[in-house]
Amino acid sequence: MEIPIDGGDSISESEGGDLDEDGFPWVSFSDEEAIDRTVGDDSERESFASEFYRSGTEWSCLIDSKEKKLVQADLFRMWGFKRPSQVQEGSSSRVSSKKMRRSDGGDRSIGPAKKGSVGGNNRPRICPFYKKIPGTSFTVDAFRYGRIDGCLAYFLTHFHGDHYGGLNKGWSHGPIYCTPLTARLVKMCLSVNPQYICPLELNVEYIIEGIKVTMLEANHCPGAALIHFGLHDGQSYLHTGDFRACKQMQSYPILLNKRIDVLYLDTTYCNPKYKFPLREEVVNFVVKIARNSLENRPKTLIVVGAYSIGKEHVYLSISQELGVPIYTNASRRRILQSFGWHELSGKLSSDGHSTPLHVLPLPHLRHENLKQYLRTQGQSFTSVLAFRPTGWTFSESIGSQLDRIRPNSNGNVVIYGVPYSEHSSFTELREFVQFLKPKKIIPTVNVGNAAHRDQMQSYFRQWKLDAARKEGAHFYHPGPKFVTDRGLNGKIQNGSRKE
DNA sequence: GCGATCAGCT
DNA sequence: CACAGCTGATCGC
């Protein structure tokens with residue numbers, strides 16, 4: 001129980017008067033850090049409240065139908081403050097009115113970046129509270145904050161940089177729990193000491209620190225998991241990590257007809273302007289275009305853009321449907337091989353000239369780049385057909401009508417942006433939430449902007465009202481009723497104001 | 001020089 | 001705008 005000087009989270013326990021004007025505990029820092037602080041107003045005191053607000057949960061709870069408002073005491077309880085049973089744990093910081101450094105939360109979604117410190121800036125960051133699971137000693141996707149005070153188990157939902165950031169071969173802060181596939185990637189790509197890596201099979205209940213933990217397929221990228229926590233007191237939480245909600249999730253036994261008290265929700269596309277088709281439809285579309293292209297011009301090079309992991313179905317389907325292998329560079333091949341995904345591994349080729357299907361890093365899919373790439377391929381190919389699979393090829397006019405997608409052409413290079421998303425669309429989110437009926441929702445994405453938070457909260461509230469009304473209508477008024485979903489959706493504002 | 005991280009970019 | 005990176009700059013070691 002030593003004083004955290006390594007950048008660990010140091011939100012203090014708050015007994016007595018160490019509260020800010022809003023009645024929240026102060027975020028405290030060591031003297032050293034306060035002195036190191038060169039930016040910012042001396043008199044500007046950053047409180048836990050401002051961190052709390054910035055992180056976007058003050059309204060992010062489904063409000064009871066009885067309009068019961070959230071009171072401060074609920075918040076304290078919810079986030080583990082003022083819990084007598086926990087008082088002994090590292091309450092290191094007797095906070096006087098020390099200077100409060102702002103915490104940027106480490107995520108770009110949390111507030112604007114501070115100027116004045118660049119490059120290898122290693123000042124400690126504070127773990128946002130929504131990455132901590134209350135009532136447990138767990139954090140989720142929180143590796144960039146050094147050792148987190150009181151955290152005994154660090155969960156990783158999936159292997160994307162913005163979630164594992166901070167993990168490296170020097171990691172020694174505690175056990176990392178993730179799916180076996182993610183575990184292999186953490187070991188292979190980040191050289192994390194294997195003694196810290198704890199793989200958890202999907203759909204198996206484990207007891208960790210006395211808490212029931214179950215990993216569930218998240219329908220995001222390979223290895224991605226939803227994490228279900230069953231607490232001693234019967235509370236149960238679901239953390240979605242990043243996920244794409246789908247019908248199949250409604251048959252997960254641990255979710256079916258079970259109460260979820262808190263849902264930590266991937267709200268990446270929590271706005272009705274985000275509509276996209278099922279991934280199968282997009283894949284069929286891509287395959288169709290690719291086939292036509294190859295038939296009309298046999299010397300077409302088909303390029304699919306992808307980040308480290310994810311989007312595999314796009315190029316695997318082309319490979320399977322057109323009967324061509326997949327070329328990609330050695331580093332990606334190594335990663336794809338590690339999936340243990342037999343159909344995929346069997347299609348990989350190390351010879352770019354032997355197949356018209358190449359996978360390249362997504363940022364490379366630009367006309368100039370692709371022209372140059374074509375030149376490096378000798379005379380095997382004379383034109384390029386490229387696909388950028390990304391969720392934010394949104395365009396409301398296109399909606400789910402794939403045929404209306406127009407490619408960008410430049411000479412012999414054609415680039416299609418296709419709405420292949422590995423996050424839930426707005427309607428998928430709504431259906432999932434209305435299925436799960438969580439008591440509270442904590443958004444984990446787009447929480448850095450107050451307008452976005454309010455917007456999301458109003459959607460949550462509307463979903464709940466709609467669901468309740470539907471049940472009521474069904475009970476009292478059998479037969480078709482006002483089943484319009486145009487309720488709040490009309491008033492979308494462009495809330496992209498900077499704070 | 002190497003690894004890690006940040007702003008800026010897409 | 002968002003994704004989930006990448007690039008180049010800049011720090012500590």
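Remember, predicted model here, so these are calculated numbers, not experimental data. The sequence lines fix the lettering, A, B, ..., with proteins before strands; numbering per chain opens at 1.
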Over all strands shown, is His158(A) touching base, sugar-phosphate only, or nothing at heavy-atom distances under 4.0 angstrom? nothing
Please confirm whether the shortest side-chain N or O distance from His364(A) to OP1 or OP2 of dT10(B) is below 4.0 Å. no
Does His160(A) make a side-chain N or O approach to OP1 or OP2 of dG5(C) shorter than 4.0 Å? yes
Asp162(A) has its side chain closest, among dC3(C), dC6(C), dA4(C), to dA4(C)
Would you tell me if any nitrogen or oxygen in the side chain of Thr268(A) comes within less than 4.0 Å of OP1 or OP2 on dA2(C)? no
Between dG3(B), dC1(C), dG5(C), spot the one nearest the side chain of Ser308(A), thanks. dG5(C)
Short side-chain N/O contact to dC6(B) OP1/OP2 from Arg144(A), under 4.0 Å: yes
Looking at Lys464(A) and Asp466(A), is there a salt bridge between them, counting it only when a charged N and a carboxylate O are closer than 4.0 Å? no
Under 4.0 angstrom, heavy atoms only, what part of the nucleic acid is Ser421(A) near: base, sugar-phosphate, or nothing? nothing
Fit a plane to each ring of His220(A) and His160(A), take the angle between them on a 0 to 90° scale, and name the class: parallel (under 30°), tilted (30 to 60°) or perpendicular (over 60°). perpendicular
Check step by step if side chain to side chain contact (heavy atoms under 4.5 Å, CB included) holds for Asp242(A) and His163(A). CA-CA 9 Å; Asp242(A) 281 358; His163(A) 292 257; 3.1 Å; yes
In whole angstroms, the gap separating C1' of dC1(C) from OH of Tyr269(A) amounts to 10 Å
Suppose we call a contact any N or O donor and acceptor under 3.5 Å apart; does that hold for the side chain of Lys311(A) and the base of dC3(C)? no
Which residues pass the side-chain hydrogen bond (donor to acceptor under 3.5 Å, both in side chains) test with Thr139(A), not counting sequence neighbours? none
